[in-house]
Amino acid sequence: MSSKSFEFNASNLDAWQKAAVKSAPGGDVNALNWKTPDGIIVKPLYTAADTNDLPYANTLPGFEPFLRGPQATMYAVRPWTIRQYAGFSTAEESNAFYRKALAAGGQGVSVAFDLATHRGYDSDHPRVEGDVGKAGVAIDSVEDMKILFNEIPLDKVSVSMTMNGAVLPVLAGYVVAAEEQGVSQDKLSGTIQNDILKEFMVRNTYIYPPEPSMKIIGDIIEYTAKHMPKFNSISISGYHMQEAGANQALEMAFTLADGKEYVKTAIAKGMDVDEFAGRLSFFWAVGMNFYLEIAKMRAARLLWCRIMKGFDAQNPKSLMLRTHSQTSGWSLTEQDPYNNVVRTTIEAMAAVFGGTQSLHTNSFDEAIALPTEFSSRIARNTQLIIQEETHITNVIDPWAGSYMMESLTQEMADKAWAIIEEVEAMGGMTKAVDSGWAKLKIEAAAAEKQARIDSGKDVIVGVNKYKLDQEDPIETRDIDNVAVRDGQITRLKKIKAKRDAAKVDSALKALTASAESGQGNLLELTIQAMRLRATVGEVSDALEKVFGRHRADTQKVTGVYAAAYDDGESVGDTMAYWNALKAEIAAFADQQGRRPRVIISKLGQDGHDRGAKVVATAFADLGYDVDMGPLFQTPEECARQAIENDVHAVGVSTLAAGHKTLVPAIIAELKKQGANDIIVFVGGVIPRQDYEMLYEAGVKGIYGPGTPIPASAKDVLEQIKKALA
């Protein structure tokens with residue numbers, strides 16, 4: 001047979017189409033196309049013709065526009081850094097975990113702080129009773145930081161800290177802890193997240209409003225450029241956007257637009273772009289959309305180079321997008337959780353093929369609780385196996401030249417660039433965030449995704465297909481929140497008793513004065529205060545006197561969830577179930593003279609509201625009257641609002657392990673305020689061993705990750721009927 005019969009040409013392509021028609025659904029080859037959540041059409045076949053007009057398909061790694069990687073030799077010389085993002089309970093417990101991880105092959109420390117710390121509260125504050133030590137490590141002062149990094153040489157080990165709201169006292173505490181370890185600021189390496197615009201869109205661990213928050217970011221970039229040349233002053237994060245529901249193009253566009261805004265802020269302080277741009281870094285989520293995740297990371301480097309050239313950056317390092325990546329937490333399932341090992345491996349491979357500079361792999365049990373040492377070891381070894389056993393690292397950008405990947409990379413870049421231009425037309429990302437537009441775009445994507453799962457269009461193995469008849473329990477980590485908080489309060493009292501109170505007071509007043517005048521560098525002043533043993537809460541309060549605390553809007557999207565059912569493509573009997581439930585809710589309204597009314601609440605300092613917003617949207621689309629409680633409510637505040645709004649039920653969304661304290665507290669408050677008839681249901685990350693305790697406390701329904709929202713809505717309706725009977 002002639003080799004020419006295997007060559008690509010128009011005649012052969014025509015022959016392929018004729019062959020494909022025979023097996024395509026309905027004889028339509030276009031039916032084989034896949035429309036991604038980003039609106040990109042992925043074809044079943046790509047050929048050389050798809051790459052003929054692509055301008056960057058033949059570029060090299062380490063050279064503009066860095067599509068194939070920021071370094072010339074990438075992993076062939078140095079693999080990505082293996083990080084494990086962790087923090088729980090006390091500084092002592094977290095320190096022990098870090099040292100074990102480093103000894104077992106970890107190559108950097110990545111710190112998770114508890115929500116009290118994120119929100120700038122000391123552990124003794126009454127608003128954080130259920131949050132201390134639960135979703136990260138509790139840090140109140142330099143003394144906690146010194147314990148956290150005990151026997152970890154900070155001149156040799158890079159430290160990544162996920163901190164945005166209380167970024168000043170936390171970064172300052174790290175600097176002072178290093179100094180007292182004998183390590184000067186210029187020797188410190190690592191990254192502080194310091195990405196506040198993303199917090200206003202999705203994660204909500206902010207403290208101050210956007211404008212003063214941007215002033216803080218500018219001061220940190222300025223200070224670190226002068227004194228901490230090896231330290232990355234900001235990690236511009238798309239991770240939490242995808243976790244909150246954004247598709248890949250939206251995540252990339254909003255993240256790059258955030259980065260552009262931060263560059264503008266630094267330049268406005270009089271800094272030369274090449275003075276700081278080389279220390280900016282990024283942070284991507286990597287989910288189960290394998291092809292798109294690889295294309296996203298390649299396209300992002302291309303676009304960041306374009307953006308930085310727009311600022312007239314001259315240094316090649318200023319044009320390079322360097323990134324940390326983390327496998328998806330949202331893709332992890334409570335059901336059949338060992339499947340999560342496979343999911344994390346696939347996502348880790350996508351991050352590696354995309355060219356990440358460091359990587360955290362999630363543990364398989366994180367949809368249920370904080371990871372155990374057993375699950376963390378599997379997650380860490382996943383990376384070690386990819387690095388050491390597969391030989392993937394021997395080839396730089398192995399997807400280069402792929403007809404599909406090069407084409408998809410360009411399409412992702414074009415899609416994201418169109419969104420970036422839309423943001424610029426609004427006046428930049430700060431204005432897009434302030435208007436609420438960006439947040440609603442992400443929430444609409446989240447609602448659409450959940451509806452696709454609940455209607456059966458998107459398959460999640462073990463959740464909506466191939467489900468187990470019986471789930472075996474797995475070991476989970478539990479934190480004694482009361483004991484941790486008591487220990488932190490004791491340490492706080494000792495610190496305050498030993499320090500020079502007058503000097504601390506003077507340092508805090510200097511911070512307040514700087515916030516008022518706009519003069520001086522806030523990080524420099526915070527370092528001085530932390531050296532004197534001011535606390536995280538005291539520094540935050542000193543700035544809050546001038547800046548105030550930000551209050552988020554609680555608007556929600558409508559109609560998006562229902563649209564996934566109304567398009568007639570639902571799988572199995574999900575459409576019939578949806579319509580029957582809507583009819584049942586309408587019948588309830590006719591009988592009772594009003595629709596069933598619920599309030600969806602977030603208690604404590606947990607700002608992760610994807611689940612709450614999606615549930616609120618879906619319940620409203622079914623016919624419920626739905627109120628959204630403001631973020632960061634106390635149980636007392638939530639009970640009062642529920643009574644004032646005359647609701648039938650309170651739904652508590654919990655993702656930060658505070659349910660054992662906060663959910664019984666809301667039930668007690670409802671009883672105390674004479675509203676025993678209002679039922680309470682709970683959704684989110686709740687270990688099954690806690691179900692019995694919650695039911696005994698009076699909870700009427702518990703809906704863990706993977707529960708179809710229509711099923712929970714049906715159950716809540718039945719519980720409301722029982723309460724009214």
Side-chain angles (χ1 to χ4, degrees), residues 164-165 167 193-222 233-242 244-247 249-271 273 276-277 280 282-283 300 303-304 306-312 415-446 515 518 522 543 546-557 607 609-610 613 630-631:
N164 304 279
V167 64
Q193 192 162 100
N194 194 27
D195 176 8
I196 202 65
L197 288 175
K198 161 262 302 170
E199 297 296 323
F200 295 117
M201 281 187 276
V202 291
R203 193 163 171 261
N204 300 311
T205 56
Y206 45 69
I207 301 176
Y208 316 111
E211 189 174 338
S213 295
M214 294 297 286
K215 150 74 174 165
I216 290 170
I217 285 171
D219 281 7
I220 290 172
I221 293 174
E222 180 183 53
S233 56
I234 191 166
S235 174
I236 306 151
S237 174
Y239 182 86
H240 305 95
M241 296 182 202
Q242 188 179 136
N247 55 44
L250 203 57
E251 175 197 5
M252 173 168 49
F254 282 176
T255 305
L256 296 178
D258 280 352
K260 191 173 182 179
E261 200 82 346
Y262 297 137
V263 172
K264 289 179 187 175
T265 298
I267 291 173
K269 288 185 69 68
M271 299 179 69
V273 65
F276 65 87
L280 303 180
F282 288 78
F283 176 24
L303 294 187
W304 185 244
R306 183 188 300 176
I307 287 168
M308 295 309 293
K309 277 187 166 294
F311 287 109
D312 199 28
K415 193 80 174 178
W417 191 252
I419 298 170
I420 291 169
E421 289 184 321
E422 193 174 357
V423 170
E424 283 301 298
M426 293 181 184
M429 202 63 193
T430 300
K431 290 186 178 177
V433 168
D434 221 9
S435 70
W437 173 83
K439 188 175 182 68
L440 285 176
K441 290 279 283 187
I442 293 173
E443 288 172 4
L522 290 174
L543 297 174
V546 180
F547 297 154
R549 270 194 180 256
H550 180 69
R551 297 286 183 267
D553 191 350
T554 55
Q555 60 185 319
K556 61 181 182 292
V557 296
D609 62 351
R610 172 182 180 154
K613 289 292 184 69
L631 290 171

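Since this is a predicted model, take the numbers as computed values, not measurements.
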Assign the ring pair Tyr208 / Phe547 to parallel, tilted or perpendicular, where the plane angle (0 to 90°) is split at 30° and 60°. perpendicular
Val423 and Ala257 have their tightest heavy-atom pair at CG1-CB, 4.2 Å
Would you check if Asn204 and Lys439 make a side-chain contact, meaning some heavy-atom pair closer than 4.5 Å? yes
So how far is it from Met201 CE to Ile196 CD1, rounded to the nearest 0.5 Å? 10.5 Å
Give a yes or no on whether the backbone of Thr205 and the side-chain of Glu199 come within a donor-acceptor separation of less than 3.5 Å. yes
Verify the neighbour count for atom NZ of Lys441: are there more than 12 heavy atoms of other residues, nucleotides or ligands below 6.0 Å? no
Going through the distances and angles, do Asp609 and Leu631 end up as a side chain to side chain contact (heavy atoms under 4.5 Å, CB included)? CA-CA 8 Å; Asp609 62 351; Leu631 290 171; 4.2 Å; yes
What heavy-atom pair brings Ile234 and Gln193 nearest, and what distance separates the two atoms? CG1-O, 3.3 Å
Atom CD1 in Ile217, atom CG in Asp258: separation rounded to 0.5 Å? 9.0 Å
Is Asn164 reaching over with its side chain to a backbone N or O of Asn194, donor-acceptor style, under 3.5 angstrom? yes
Output all residues satisfying side chain to side chain contact (heavy atoms under 4.5 Å, CB included) with Lys431, sequence neighbours left out; order by chain, then residue number. none
Please report the shortest heavy-atom distance between Ala446 and Arg610, naming the atom on each side. CB-NE, 4.0 Å
Spacing of OH belonging to Tyr262 relative to CD1 belonging to Ile221, to within rounding of 0.5 Å: 9.0 Å
To the nearest 0.5 Å, atom CG of Leu543 lies from atom NZ of Lys215 at 10.5 Å
Nearest-0.5 Å distance, CD1 of residue Ile236 to NZ of residue Lys198: 11.0 Å
Between Phe282 and Leu256, is there a side-chain heavy-atom distance shorter than 4.5 Å? yes
Any Lys/Arg nitrogen of Lys264 or Glu424 sitting under 4.0 Å from an Asp/Glu carboxylate oxygen of the other? yes
Going by heavy atoms in the side chains, are Ile442 and Leu250 under 4.5 Å from each other? yes
Quick check: closest heavy atoms across Ala416 and Ala249, and the distance to 0.1 Å? CB-O, 4.0 Å
I need the Ser233 OG to Ile220 CD1 distance, nearest 0.5 Å. 8.5 Å
For Ala438 and Met429, which heavy atoms make the closest approach, and how far apart are they? CB-CE, 4.0 Å
Residues passing the side chain to side chain contact (heavy atoms under 4.5 Å, CB included) test with Ala445, sequence neighbours excluded, are none
Heavy-atom pair with the smallest gap, counting every atom of Ser235 and Asp195: O-CB, 3.4 Å
Answer whether the closest heavy-atom distance between the side chains of Glu261 and Met214 falls below 4.5 Å. yes
The single option from His240, Gln242, Glu443 that satisfies side chain to side chain contact (heavy atoms under 4.5 Å, CB included) with Val202 is His240
Taking the side chain from Asp219 and the backbone from Leu522, do they hold a donor-acceptor pair closer than 3.5 Å? yes
Where do Ile307 and Val263 land on the side chain to side chain contact (heavy atoms under 4.5 Å, CB included) test, with the steps shown first? CA-CA 10 Å; Ile307 287 168; Val263 172; over 6 Å; no
With Phe200 as partner, the option from Phe254, Trp437, Tyr206 fulfilling ring pair (Phe, Tyr, Trp, His ring centres under 6.0 Å) is Tyr206
Close side-chain approach of Asp434 to Glu211, heavy-atom, < 4.5 Å: no
